[in-house]
**Q** 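There's a structure below that I have some questions on.
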Amino acid sequence: MLDYVSDKVQDEARQGEAFAPFTQDQNSYKKRFYIESYGCAMNFADSEVVAAILYKEGFGATKNVDEADLIFINTCSIREKAEQTVRKRLSDFKKTKAQKPGMLVGVLGCMAERLKTKFLEEEKLVDIVVGPDAYRTLPALVTEAEGGQKAVNVLLSREETYADISPVRLDSNGVSAFVSIMRGCNNMCSFCVVPFTRGRERSREAESIVNECRNLFEQGYREVTLLGQNVDSYYYAADNQPTVTFAMLLEKVALISPLLRVRFSTSHPKDITDDVLHTMVKYENICNNIHLPVQSGSSRILQLMNRTYTREWYKAKVDRIREFMPNCGISSDIITGFCTETEEDHAETLSIMEYSKYDYSYMFFYSERPGTLAERRYDDDIPLEVKKRRLQEVVDLQGRLSHESNKKELGKTFTVLIDGDSKKDETEWKGRNSQNKVVVFPKGDHNLKKGDYVDVEVLDCTQATLLGKIV
Ligand code: 5AD
Ligand code: SF4
């Protein structure tokens, strides 16, 4: 199925994975929980906050569903396909539960609010339902559910940022970590359910972000990705203290150490400022990579999507980025077959991809989501086969653009942060350059380890990977 296609296979591969950190003492936990996560990086980061809350209560994580007393599934609502997958998993767990009375199943995250009644009462699939702003109440809800009650908290908050909670890193490579800097979204793109599932935008206290990043660095991490639905509208103003903008926050994190790489995602094209671009140029350790979702190349469709920019405006933004950083990696999200999209609109999407020369994109066909502006205002009038055919054209073009972008790197030397063994061959390292391109190269007899930086010359490439040698 082409519902979700990506060059960055690791994101797709993460869907539904269950994670557990290294556990020191097998016997010291009151209960064991198993947590499976879906959706975006924000949602995976939330699972780490949930894990921290549960650890504090004396619960320990397990990767083995059979030894779990609590099963949690952190859900995504962004496309219909994601919801279907979650439903299927819940019916699997219902069977597990039938064999293991006393085991509790909880639904967390973006599907919670919309489907709470269905899950709890109609389908009797779960015992606990918790929305993304209510994780602090999880221990109390577990107690309630143990007492036989259906436990629900799907309240959204205008303040909750979990600023004081140090996430428990689940399945980390020990090199890169995600750090959530804001929650929610105020943009109201007409296709998107996020403003309804995750609520209003709010920024996390700057000092707590910097402290979390510093702690990660001290533990040996070498890369942090600052996460938010719309990072460029980060804005923190505490009483009697100077306001912190996103550019200022980036600088504070970059100053922790030149050895700590800083990335961020996602940028809304309307919000990324010259200040941010200046800061990126000023600090070598801020990676030259911007995720700048275009969604569509047609100004008419962009208006229906309520993206608040035109095709020309977006192209000017790409030009501006390249003016500041000629080698900056740019990536995108693209939707095909939005309401009323014509072949001409679609051709404009293809041509803006060519113009922007994306290194990679996350590509989707439009899936109508309940409660969104588009659902209320427009007809979902593009037949599925047409949406899929257009998506295939977008995917094919992105394949060519990714390959061309990689071919341009032949002969160049990049500083690569090693994040693990190559998946195919243990005698090779895998890492990323500043532009976020995956680089694979033979270990040779150099004494290197995960988390080290090394200069690698690119000798060859595929569509997804640069192949090189240490220089
Ligand atoms: N249908 C298809 N794709 C969507 N996205 C968000 N909502 C929808 C939808 N209803 C895509 C957008 C967004 C990414 C996270 O998911 O491209 O940037
Ligand atoms: Fe999915 Fe959006 Fe929720 Fe992330 S915020 S999990 S993409 S619905």
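What you see is a predicted model, and the numbers here were worked out from it, not measured in a lab. Start at 1 and go down the list; that is how both ligands and their atoms are numbered.
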**Q** Treating R79 as the side-chain partner and E368 as the backbone partner, does any N or O pair qualify as donor plus acceptor under 3.5 Å?
**A** no
**Q** Considering distance alone, does some N or O of Q295 sit under 3.5 Å from an N or O of ligand 1?
**A** yes
**Q** Judged by non-hydrogen atoms, does F365 sit under 4.0 Å from ligand 1?
**A** yes
**Q** Can you label the angle between the H291 ring and the Y362 ring as parallel, tilted or perpendicular, going by 30° and 60°?
**A** perpendicular
**Q** Does the separation of the ring centres of F59 and F33 fall below 6.0 angstrom?
**A** no
**Q** Would you call R390-E344 a salt bridge at under 4.0 Å N-O?
**A** no
**Q** Which of the numbered atoms in ligand 1 are below 4.0 angstrom from a heavy atom of I335?
**A** 3 (N), 4 (C), 5 (N), 12 (C), 17 (O)
**Q** With nothing but distance in play, are any N or O atoms of F191 less than 3.5 Å from an N or O of ligand 1?
**A** yes
**Q** Mark the output for S367 as yes if a heavy-atom distance to ligand 1 is under 4.0 Å, and as no if none is.
**A** yes
**Q** Relative to the heavy atoms of R79, which atoms of ligand 1 are at a distance of less than 4.0 Å?
**A** 1 (N), 2 (C), 3 (N), 4 (C), 5 (N), 11 (C), 16 (O)
**Q** Would the number of heavy atoms belonging to other residues, nucleotides or ligands and lying under 6.0 Å from CZ of R376 be above 12?
**A** yes
